[in-house]
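Report on the structure given below.
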Amino acid sequence: MSHILVKRIKGTNDIFNDELKYWYHIERIFREIARRYNYSEMRTPIFEATELFIRGVGKETDVVQKQMYTFEDRGGRSITLRPEGTAPVIRAFLENDLSTGGLPKKFYYMGPIFRYEKPQAGRMRQFHQYGVELIGSSDPVADFETIKFAIDFLNAVGLRDYELRIGSIGCGKCRKEYKSALRKYYSDKYDQLCEDCKRRFNTNILRLLDCKIDAELAKSAPETTDYLCDECAEHFKKLRIYLDSLGIDYVVDGHLVRGLDYYTRTVFEIKHSSLGAQDTLIGGGRYDGLVEELGGRPTPSVGFAGGFERLILVLKQENIKIKDLPRCQVYIATVGEKARMYGLKLAENLRLKDISVDMDLMGRNLRNQLKHANRINARYSIILGDEELAREIAIFRDMDSGEQTEVDLDWMENYIAEKIKEGD
RNA sequence: GUGACCGUAGCUCAGCAGGCAGAGCGUCUGACUGUGGAUCAGAUGGUCGUGGGUUCAAAUCCCACCGGUCACCCCA
């Protein structure tokens with residue numbers, strides 16, 4: 001190969017060959033679970049007005065501050081490649097007036113997400129998420145449904161050994177109280193904090209909770225769930241009752257906080273131990289203020305999102321069996337121009353019967369055609385030369401066993417269809 | 001954005017007290033004019049990540065940049 005002039009962008013990936021089976025597997029199962037829960041797909045553009053994310057995700061979040069791919073288009077508009085999936089779905093919900101026809105509205109989506117970060121295991125600049133949004137219900141049963149959806153999905157994909165953590169960060173009121181409690185707790189320990197945490201003490205005190213250096217201090221820090229107002233406490237309690245009665249294992253984490261500003265009340269994460277430092281497989285929660293923030297009427301909602309790439313890392317790590325990519329079923333090898341002509345016709349007829357057929361497109365001799373058939377992993381080959389044509393037969397070869405049979409030409413299509421049916 | 005380790009053939013890697021760029025696998029061809037996988041023989045394959053510096057001489061030593069990996073940060 002000559003030397004490549006243009007390489008792919010850092011933190012992006014080409015996905016092809018055997019790798020694709022993981023993607024198909026996840027997509028198929030996610031759609032299937034969505035169907036069972038009656039969620040319909042929402043496809044939004046991969047870029048949006050920058051303002052959407054600033055308002056939706058929050059000006060002060062890391063995502064908005066330093067991770068967005070933002071640029072000006074030729075019309076001078078500020079455009080951003082979507083760094084998350086929820087704000088666009090809510091935008092589409094509002095823009096298309098989808099509250100008409102009754103709430104709640106339930107959507108799922110899958111597609112690329114972009115964040116400018118330094119790539120590492122389980123973290124890419126272009127990565128892919130699947131997610132759901134349940135728009136319009138404040139009932140804890142809605143929180144329960146999205147969590148159960150996520151669990152059903154992971155189970156169906158073939159995973160176990162994941163851990164569900166749930167928490168509640170309350171409404172705006174509870175959060176204010178919690179933050180001041182945190183500040184109080186840390187104020188007399190300020191000198192023991194690491195440099196980063198000293199900075200975060202003022203900028204984003206919630207982040208002190210998952211600092212790796214000051215983990216010991218964080219352990220006995222106040223818990224969000226102890227600072228909930230009556231309504232929020234009741235909401236969280238009910239959610240737990242639903243989870244308990246349906247036998248879902250979870251851990252309550254009073255230190256669970258999330259990085260996007262729109263979350264209220266319920267937050268949850270599903271982690272897997274076989275991932276490295278980026279061990280969150282699915283993250284989600286309730287966002288009761290977002291629709292209003294984007295210009296709609298108050299519309300409490302819940303959702304979650306998960307990353308394809310991280311899930312695939314786990315599937316590989318755990319050696320989960322994934323259905324193989326479909327195999328080429330028949331390769332037609334021909335010798336001579338007349339046979340080739342007949343082969344073209346045969347290929348067409350087989351393809352009309354929904355059979356996958358490949359044939360020589362290189363003008364190779366028989367030996368090399370079979371070699372190629374072997375290389376593309378064809379299940380069967382048909383060998384047809386002028387000699388066979390004259391006798392009105394063709395050779396049917398099983399490429400796994402090497403067994404050959406002569407089959408009458410006018411019976412060949414049926415014979416192949418029969419053989420393929422047996423193989424299923 | 002910060003830090004550590006790493007960049008040699010399509011892939012995995014060797015070569016690094018400076019002195020002709022190598023191996024295995026793969027690929028192609030032949031043995032085998034109409035039968036793949038196995039074997040054997042031959043061939044193909046490289047701005048040694050990029051640029052600069054030191055030197056008679058740099059894949060090897062030094063610097064910068066780019067890329068990869070992992071961790072921090074943050075999150076899916």
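Every chain is numbered from 1, with letters handed out A, B, ... down the list of sequences. Keep in mind that what you see is a predicted model, and the values were worked out from it rather than measured.
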Touch check for [X], heavy atoms < 4.0 angstrom, all strands: base, sugar-phosphate only, or nothing?
{"X": "A:Asn377", "answer": "nothing"}
{"X": "A:Gly402", "answer": "base"}
{"X": "A:Arg397", "answer": "base"}
{"X": "A:Ala373", "answer": "nothing"}
{"X": "A:Gln65", "answer": "nothing"}
{"X": "A:Gln404", "answer": "base"}
{"X": "A:Gly122", "answer": "base"}
{"X": "A:Ile395", "answer": "base"}
{"X": "A:Gln67", "answer": "sugar-phosphate"}
{"X": "A:Arg375", "answer": "sugar-phosphate"}
{"X": "A:Ile282", "answer": "sugar-phosphate"}
{"X": "A:Gly284", "answer": "nothing"}

Pair A:Glu32 + A:Arg36: basic N to acidic O under 4.0 Å: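 Salt bridge between A:Glu32 and A:Arg36, a charged N being under 4.0 Å from a carboxylate O: yes.
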Closer than 4.0 Å, any side-chain N/O of [X] to the OP1 or OP2 of [N]?
{"X": "A:Lys10", "N": "B:G67", "result": "yes"}
{"X": "A:Arg367", "N": "B:U35", "result": "no"}
{"X": "A:Asn368", "N": "B:G36", "result": "no"}

Side chain of [X] only, heavy atoms from C-beta on: which candidate in [options] is closest?
{"X": "A:Gln120", "options": "B:G34, B:G68, B:A71", "result": "B:A71"}
{"X": "A:Ala277", "options": "B:G36, B:C72, B:U69", "result": "B:C72"}
{"X": "A:Asp279", "options": "B:A76, B:C75, B:U29", "result": "B:C75"}
{"X": "A:Ile383", "options": "B:G34, B:G37, B:C32", "result": "B:G34"}

A:Lys189 NZ/CZ over A:Tyr185 ring centroid, <6.0 Å and within 45° of normal: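 Yes, cation above the ring, under 6.0 Å and within 45°.
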Axial cation check for A:Tyr22 ring with A:Lys316, 6.0 Å and 45° limits: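 Yes - A:Lys316 lies over the ring of A:Tyr22, closer than 6.0 Å to its centre and within 45° of its axis.
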Syn/anti label of B:A41 as read from its glycosidic torsion, with the cut at 90° from 0: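 For B:A41, whose glycosidic angle is more than 90° from 0, the conformation is anti.
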If I pick the [atom1] atom on [M] and the same atom on [N], what distance separates them, to the nearest angstrom?
{"N": "B:C65", "M": "B:A76", "atom1": "C1'", "answer": "31 Å"}
{"N": "B:U12", "M": "B:G68", "atom1": "P", "answer": "15 Å"}
{"N": "B:A57", "M": "B:U2", "atom1": "C1'", "answer": "39 Å"}
{"N": "B:C66", "M": "B:U50", "atom1": "P", "answer": "15 Å"}
{"N": "B:G19", "M": "B:C73", "atom1": "P", "answer": "44 Å"}
{"N": "B:C56", "M": "B:G10", "atom1": "C1'", "answer": "37 Å"}
{"N": "B:C16", "M": "B:A21", "atom1": "C1'", "answer": "13 Å"}
{"N": "B:C70", "M": "B:C74", "atom1": "C1'", "answer": "16 Å"}

Which base, if any, makes a Watson-Crick or G-U wobble pair with [N], both distances under 3.5 Å?
{"N": "B:U55", "answer": "none"}
{"N": "B:G22", "answer": "B:C13"}
{"N": "B:C75", "answer": "none"}
{"N": "B:A41", "answer": "B:U29"}
{"N": "B:G34", "answer": "none"}
{"N": "B:C5", "answer": "B:G68"}
{"N": "B:U47", "answer": "none"}

Polar pair under 3.5 Å, donor/acceptor by atom type, side chain A:Arg123, base B:C70: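 No such pair is found, so the answer is no.
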Verify stack between A:Phe127 ring and B:A76 base, 5.5 Å, 30 degrees: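 Stacked: centres under 5.5 Å apart, planes under 30°.
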Would the distance check show the side chain of [X] and the main-chain N or O of [Y] forming a donor-acceptor pair, the cut-off being under 3.5 Å?
{"X": "A:Thr264", "Y": "A:Asp288", "result": "yes"}
{"X": "A:Arg265", "Y": "A:Phe236", "result": "no"}
{"X": "A:Thr50", "Y": "A:Ser78", "result": "yes"}

Table of protein N/O atoms under 3.5 Å from nucleotides 4-7 of chain B N/O atoms:
none

Member of A:Trp23, A:Tyr39, A:Phe149, A:Phe153 meeting the ring pair (Phe, Tyr, Trp, His ring centres under 6.0 Å) criterion with A:Tyr130: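 With A:Tyr130 as partner, A:Trp23, A:Tyr39, A:Phe149, A:Phe153 yield a single ring pair (Phe, Tyr, Trp, His ring centres under 6.0 Å), made by A:Phe153.
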Contacts of type salt bridge (Lys or Arg N to Asp or Glu O under 4.0 Å), residue A:Asp410, not counting sequence neighbours: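 Testing A:Asp410 for salt bridge (Lys or Arg N to Asp or Glu O under 4.0 Å), a comparison that skips the adjacent residues, returns none.
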Check: A:Tyr415 ring centre within less than 6.0 Å of A:Phe396 ring centre: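 Ring centroids of A:Tyr415 and A:Phe396 are less than 6.0 Å from each other.
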Ring-ring centroid check A:Phe107 A:Phe93, cutoff 6.0 Å: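 Judged by ring-centre distance (under 6.0 Å), A:Phe107 and A:Phe93 do not meet the cut-off.
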Nearest-nucleotide 5' precedence on RNA chain B, A:Glu403 against A:Glu269: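 Nearest-nucleotide comparison on RNA chain B picks A:Glu403.
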5'-most by nearest nucleotide on RNA chain B - A:Ala121 or A:Arg258: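 Closest to the 5' end, via its nearest nucleotide, is A:Ala121.
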Interatomic distance, A:Ile332 atom CD1 to A:Lys345 atom NZ [nearest 0.5 angstrom]: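 Rounded to the nearest 0.5 Å, the CD1-NZ separation comes to 13.0 Å.
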